[in-house]
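In what follows, chains carry the letters A, B, and so on, assigned in the order in which the sequence lines appear, proteins first and then strands, with residues in each chain numbered from 1. Any value given below was found using the heavy atoms of this structure, including those in side chains, with hydrogens, waters and symmetry copies removed.
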Amino acid sequence: MAQKPEVDDLSEEQATKELADLAQQLAEANTAYHTEDAPRISDAEYDALKARNAAIEDRFPHLKRADSPSDQVGAAPSEAFAKVTHAVRMLSLGNAFDDADITEFDTRIRRYLGLGDDAKLTYTAEPKIDGLSLSLRYESGKLVQAATRGDGAVGENVTANARTIDDIPVKIDGAPDVLEIRGEVYMSHADFEALNARQAERSDKQFANPRNAAAGSLRQLDSSITRSRPLRFFAYAWGEVSEPLADTQMAAINRLSDLGFQTNPLTELCDGPSEMLVQYAKIEQLRAELGYDIDGVVYKIDDLALQSRLGFRSTTPRWAIAHKFPAELAWTRLEAIDIQVGRTGALSPVARLTPVTVGGVVVSNATLHNEDYIAGRDSKGNEIRGGKDIREGDWVQVYRAGDVIPKVADVDLSKRPDDAQPYTFPETCPECGSEAIREEGDAVRRCTGGLICPAQAVEKLKHFVSRAAFDIEGLGAKQVEQFYRDGWIKEPADIFTLEERYGSGPRQLKNREGWGEKSAKNLFEAIEEKRNIPFGRLLFALGIRHVGEQASNLLARFYGNWDDFTAAMDSAADCDGPEWERLLGIDGVGEVMARSLVTAFAQDNERDSIDRLTRHLTVEETARPATEGSPVAGKTIVFTGTLEKMTRAEAKARAEALGAKVSGSVSAKTDLVVAGPGAGSKGKKAEELGVEIIDEDGWLDLVGAS
DNA sequence: GAGCCTCGAGTTCG
DNA sequence: CTCGAGGCTC
């Protein structure tokens with residue numbers, strides 16, 4: 001770019017041509033970034049191209065293109081925002097779709113807390129705003145950081161943009177030293193329409209819906225643009241706080257309001273499921289006149305002490321649930337049914353649809369799940385959609401499940417073309433022709449081609465470089481596909497010899513279309529960086545069936561280092577003996593997973609491929625869980641008898657959080673028995689074995705809770 | 001053996 | 001985000 005003539009020296013003709021080039025380059029970069037989930041050019045290069053474009057447009061305003069990149073909203077790479085690790089994870093909520101789900105929610109909570117049906121439980125109910133969640137961190141009353149949710153653990157720093165939102169105070173009085181406020185950024189209907197009208201006047205891009213407009217506005221690199229967008233904010237929760245805000249959810253919300261935040265005026269207390277449903281109906285009725293989008297009602301246990309007793313499941317709190325409004329539906333034509341082949345060989349049918357707008361976005365593909373779903377049955381053989389099968393050419397109803405994934409919900413038989421044939425699911429892989437087999441009791445049909453099947457091979461490679469696995473910058477799905485097609489990368493090990501083979505010499509990466517000196521260098525560097533890899537990531541990256549991210553990390557924590565692990569897999573290869581038993585003894589590992597693991601390491605092909613790979617790697621050891629300061633870390637605990645101040649489930653969760661293993665029966669391996677009144681045989685056995693026994697109060701003292 | 005809960009695998013669009 | 005299946009508990 002440095003060699004390019006100064007903007008002032010450009011002729012109109014040159015400028016026109018360069019603007020066209022820039023528009024194309026930037027569009028490609030955007031596609032590479034957004035849809036291939038791997039940027040092809042660096043952020044700096046991207047910014048430079050954009051700056052050049054702006055400079056030329058400035059000089060020749062009349063040459064500005066209708067599709068000018070300077071008007072593209074939300075096109076800036078998100079890499080431009082710094083990553084922020086949330087002090088307290090931002091979780092999502094469990095979903096409820098009907099009245100029964102709400103009753104079950106209440107029942108589950110009562111059971112977990114050990115409460116009877118008659119005990120009073122109070123909930124809050126509030127509209128669920130359809131926007132984007134934001135976490136605001138205040139220290140000594142000053143806004144120091146605003147972060148998007150991201151994946152819940154790590155979000156993006158959008159502080160400068162958040163400061164421009166009127167509803168977000170930059171300073172608050174009388175707050176705890178550390179206070180993280182969580183809430184929703186949204187745009188009102190009126191502001192959204194005004195914005196779109198304004199955009200139209202300037203022939204700028206129209207936003208599909210208020211949510212997208214809010215999201216696009218918040219993620220502007222230039223915060224003056226965010227300032228010009230009418231964003232609003234409702235506070236409804238909190239993350240880290242240096243001192244408790246209140247005793248109840250409702251009081252906490254009122255406190256947030258006192259601190260100067262907008263809180264939703266429709267937040268109400270409910271005494272149980274029936275009142276919650278009344279509130280739901282009320283809010284649903286008000287929906288159209290609220291002036292902003294909501295997609296349901298959120299219920300939370302009001303008592304914060306109970307909230308903390310209930311705690312969290314892996315991704316959602318036990319004490320809250322979102323009751324969603326029914327999804328928007330649309331009818332369209334099913335043009336064709338295509339089959340995709342996944343990493344494990346699973347054949348998944350996809351519906352190709354005549355594009356139709358559903359809930360503000362245009363949908364042209366939808367999942368059809370599996371063979372049975374098309375035939376109108378679920379996995380247990382029960383009828384779905386009244387047993388109506390789905391055929392190519394059918395008129396179908398689609399919706400976006402969870403407002404995201406398009407699904408085919410129904411078929412209109414009266415509009416079925418006369419010549420429509422029942423869909424026959426292929427029994428051979430459409431990619432490699434191998435036989436596709438459906439195991440007894442399985443819902444999916446799988447290609448048996450293994451790595452012979454190009455689809456499986458490439459999907460496995462994509463998995464290998466994915467976010468939770470090797471996560472190599474500049475090597476995303478699209479790149480992997482191309483390298484595979486050209487034979488540059490056939491298996492994971494090839495990634496680590498890529499530079500050796502194509503770093504220099506007659507066929508060089510930097511001479512390839514779409515690559516340059518800089519991007520090639522960046523890629524090689526990114527690969528270099530990943531030669532050191534944590535055990536858990538490596539194991540996950542291998543893509544062994546039934547061994548996902550969680551299981552991989554579990555195994556990494558258990559075995560600690562790679563060599564011990566592979567040695568254990570070898571010893572357990574015949575699915576027998578002490579190592580096999582030890583593997584099965586891991587909480588969370590069952591027979592199916594264990595077999596899958598051991599087989600992967602025992603099969604020559606697969607093992608050779610793994611060994612070829614690890615030769616290029618330094619596998620980082622995983623520290624066994626330290627659970628610093630925990631009095632029970634690594635101990636095996638048994639709870640017995642009646643627990644009066646907590647339930648079994650609670651006690652177990654608590655113990656496990658502290659690094660203990662909770663077992664059901666007393667044995668020589670037991671370190672501690674917590675016995676309530678009525679402890680029978682287990683108490684006796686503990687005495688016989690000389691295992692330490694404490695009562696419930698002793699336990700609560702030990703773990704520092706009362 | 002039933003009934004959770006959690007995880008894995010597959011999915012769409014911006 | 002959803003579905004199906006694995007794993008654990010009762």
Side-chain angles (χ1 to χ4, degrees), chain A residues 30-31 33-37 72-76 78 92-95 97 104 107-108 111-112 132 205 207-209 211-213 215-216 219 312-316 318 322 324 327 338-353 355 357-370 372-373 378-380 384 398-408 439 441-444 446 459-460 462-463 466 468 540 543-554 584-596 639 648-649 652-653 656 661-665:
Chain A
N30 282 338
T31 321
Y33 184 79
H34 290 284
T35 61
E36 304 166 13
D37 123 82
Q72 313 271 315
V73 180
S78 68
S92 49
L93 294 177
N95 290 322
F97 297 98
E104 273 168 35
T107 310
R108 253 198 325 270
R111 196 167 52 223
Y112 193 89
L132 358 36
K205 182 192 133 165
F207 292 102
N209 54 51
R211 208 196 101 83
N212 284 359
R219 300 183 76 263
F312 301 88
R313 298 210 296 239
S314 63
T315 58
T316 59
R318 287 195 187 84
K324 302 301 259 319
D338 278 357
I339 299 289
Q340 290 181 357
V341 182
R343 157 169 79 83
T344 61
L347 305 191
S348 319
V350 182
R352 306 293 177 201
L353 308 165
T357 303
V358 196
V361 300
V362 178
V363 165
S364 40
N365 301 307
T367 172
L368 286 168
H369 288 131
N370 56 45
D372 290 345
Y373 191 83
D378 68 11
S379 61
K380 292 174 197 81
I384 44 182
V398 293
Y399 71 103
R400 297 203 303 149
D403 281 330
V404 182
I405 313 285
K407 284 184 59 170
V408 174
E439 303 270 349
D442 242 2
V444 295
R446 285 183 208 287
E459 290 302 318
K460 255 192 126 142
K462 283 187 199 167
H463 172 80
S466 68
F540 173 63
I544 297 166
R545 193 130 100 86
H546 301 122
V547 184
E549 194 180 354
Q550 304 295 323
S552 299
N553 288 320
L554 176 71
L584 283 181
I586 302 173
D587 196 5
V589 177
E591 183 130 353
V592 175
M593 192 197 294
R595 273 185 196 280
S596 176
F639 291 94
R648 280 307 166 84
K652 179 174 188 290
E656 283 171 350
K661 180 173 154 52
V662 176
S663 162
S665 58

Heavy atoms under 4.0 Å, any strand shown: does A/Leu368 hit a base, just sugar-phosphate, or nothing?
-> nothing
Please state how far atom CZ in A/Arg318 lies from atom C1' in B/dC5, giving the value in whole angstrom units.
-> 9 Å
What is the distance, rounded to the nearest whole Å, between atom CD of A/Glu439 and atom P of C/dA5?
-> 12 Å
Using whole Å, report how far CD of A/Glu549 lies from P of B/dT6.
-> 16 Å
Starting from the C-alpha separation in whole Å, work towards a yes-or-no answer on side-chain hydrogen bond (donor to acceptor under 3.5 Å, both in side chains) for A/Ser364 and A/Arg352.
-> CA-CA 6 Å; A/Ser364 40; A/Arg352 306 293 177 201; over 6 Å; no
Would you kindly give the CD1-to-P distance between A/Ile586 and C/dG6, to the nearest whole Å?
-> 18 Å
Measure from CG on A/Leu554 to P on B/dC5 and round the result to the nearest Å.
-> 20 Å
Mapping A/Asn95 and A/Glu591 onto DNA chain C by nearest heavy atom, which one lands closer to the 5' end?
-> A/Asn95
So what does A/Asp442 hit on the nucleic acid, given a heavy-atom distance under 4.0 Å: a base, only sugar-phosphate, or nothing?
-> sugar-phosphate
Give the minimum heavy-atom separation between A/Gly548 and A/Phe540, together with the two atoms involved.
-> C-CD1, 3.3 Å
What residues form a ring pair (Phe, Tyr, Trp, His ring centres under 6.0 Å) with A/Tyr399, not counting sequence neighbours?
-> none
Against the side chain of A/Asn370, the closest entry in C/dG4, B/dG8, C/dG7 is C/dG4
Choosing from C/dC1, C/dC3, C/dG7, which nucleotide comes nearest the side chain of A/Lys407?
-> C/dC3
Expected rows: protein N/O vs nucleotides 9-12 of chain B N/O, under 3.5 Å:
unit_1, atom_1, unit_2, atom_2, d
B/dA9, OP1, A/His546, N, 3.0
B/dA9, OP2, A/Arg343, NH2, 2.8
B/dG10, OP1, A/Thr344, OG1, 2.6
B/dG10, O3', A/Ser348, OG, 2.9
B/dT11, OP1, A/Gln340, OE1, 2.8
B/dT11, OP1, A/Ser348, OG, 3.1

Nearest to the side chain of A/Gln550, which nucleotide is it out of B/dC7, C/dG4, C/dT2?
-> B/dC7
Whole-Å distance separating the CE atom of A/Met593 from the C1' atom of C/dG7 = 8 Å
With sequence neighbours left out, write down each residue that passes side chain to side chain donor-acceptor pair (under 3.5 Å) with A/Gln340, or none if nothing qualifies.
-> none
Have a look at A/Ala215 and say if it touches a base, only the backbone sugar-phosphate, or nothing, with a 4.0 Å heavy-atom cut-off.
-> nothing
What is the distance, rounded to the nearest whole Å, between atom CG of A/Leu132 and atom C1' of B/dG14?
-> 13 Å
Can you sort out the partners of A/His546 under ring pair (Phe, Tyr, Trp, His ring centres under 6.0 Å), two or more places apart, ordered by chain and number?
-> none
Length of the line joining A/Asn212:CG and B/dG14:C1', which is rounded to integer Å | 7 Å
Residues passing the side chain to side chain donor-acceptor pair (under 3.5 Å) test with A/Arg545, sequence neighbours excluded, are none
For A/Asn209, which residues count as a side chain to side chain donor-acceptor pair (under 3.5 Å) partner, sequence neighbours excluded?
-> none
